[in-house]
Amino acid sequence: MDARRLKRSEVARESGLNPTVVYDIFAGKSRPGRDHAIMLALGIGCTLRETQRLLRLDSVAELWCKDRRDAIVIWCIEHGMSRACTDDELYRLGERTLLGTNSLR
């Protein structure tokens, strides 16, 4: 966040997470879980490598290119898409979105 000169409020807005959740995660009061960690990474604008490291630090599964949903998220990260655009791509391709449990299947 420091390198990108982002504030916690901006990360909360860009990630789509509740600001209280974001503040609790940064304060160490709670752990984000896999989808929230991905949403945080998208909100911060992390690279794929930084996203994988964030997931590892949270002790959850890294993004795996052989999983269809993960492959879509990887593609979105590599193309610099926002969390909202990533959710749009997931929804368009019939996968569960990050923000909700919507799916076309």
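- The two residues C65 and A71 make their nearest non-hydrogen contact at O-CB, 3.5 Å.
- With E89 contributing its side chain and V73 its backbone, the two residues share no donor-acceptor pair below 3.5 Å.
- Note that OG1 of T51 and CG of L40 are 10.0 Å apart. Values are rounded to the nearest 0.5 Å.
- L17 places a side-chain heavy atom less than 4.5 Å from the side chain of H36.
- Proximity of a side-chain donor or acceptor of R83 to a complementary backbone N or O of I38 within less than 3.5 Å is not detected.
- Every salt bridge (Lys or Arg N to Asp or Glu O under 4.0 Å) that R34 has, sequence neighbours left out, goes to D70.
- Annotation for P32 and I25: closest pair CB-CD1, 3.5 Å, computed over non-hydrogen atoms.
- Within the 4.5 Å cutoff, no side-chain heavy atoms of Y91 are placed close to those of D87.
- Take R13 and apply the salt bridge (Lys or Arg N to Asp or Glu O under 4.0 Å) test, not counting sequence neighbours, and it matches no residue.
- Under the 3.5 Å distance criterion, the side-chain polar atoms of E50 are matched with a main-chain donor or acceptor of T47.
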(message) Pair I72, T86 - check side-chain contact (heavy atoms from CB on, under 4.5 Å), show working.
(response) CA-CA 8 Å; I72 295 165; T86 301; 5.7 Å; no
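- Between the side chain of D58 and the backbone N or O of R31, no donor-acceptor pair lies under 3.5 Å.
- Open room surrounds CZ on R53; 12 or fewer heavy atoms of other groups in view lie less than 6.0 Å from it.
- Of all heavy-atom pairs between L99 and G16, the closest is CD1-O, 3.5 Å.
- The nearest pair of heavy atoms linking A37 to L54 is O-CD2, 3.3 Å.
- Inter-residue side-chain proximity for R68 and L93 is flagged as met; some heavy-atom pair is nearer than 4.5 Å.
- Checked by atom type and distance alone, the side chain of D24 never pairs as donor or acceptor with a backbone atom of S30 at under 3.5 Å.
- For the pair I74 and L48, the tightest heavy-atom approach, listed with the atom from each and the gap, is CG2-CD2, 3.8 Å.
- In terms of heavy-atom proximity, M81 sits nearest to L42 at O-CD2, 3.7 Å.
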(request) Could you please spell out the steps behind the salt bridge (charged side-chain N to carboxylate O under 4.0 Å, His left out) verdict for D35 and R69? (result) CA-CA 11 Å; D35 280 356; R69 181 175 184 258; 3.2 Å; yes
(message) Apply side-chain contact (heavy atoms from CB on, under 4.5 Å) to residues I77 and C46 and explain how you reach the verdict.
(response) CA-CA 8 Å; I77 290 169; C46 292; over 6 Å; no
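- Side-chain contact check for K7 versus V11: every heavy-atom pair is 4.5 Å or farther apart.
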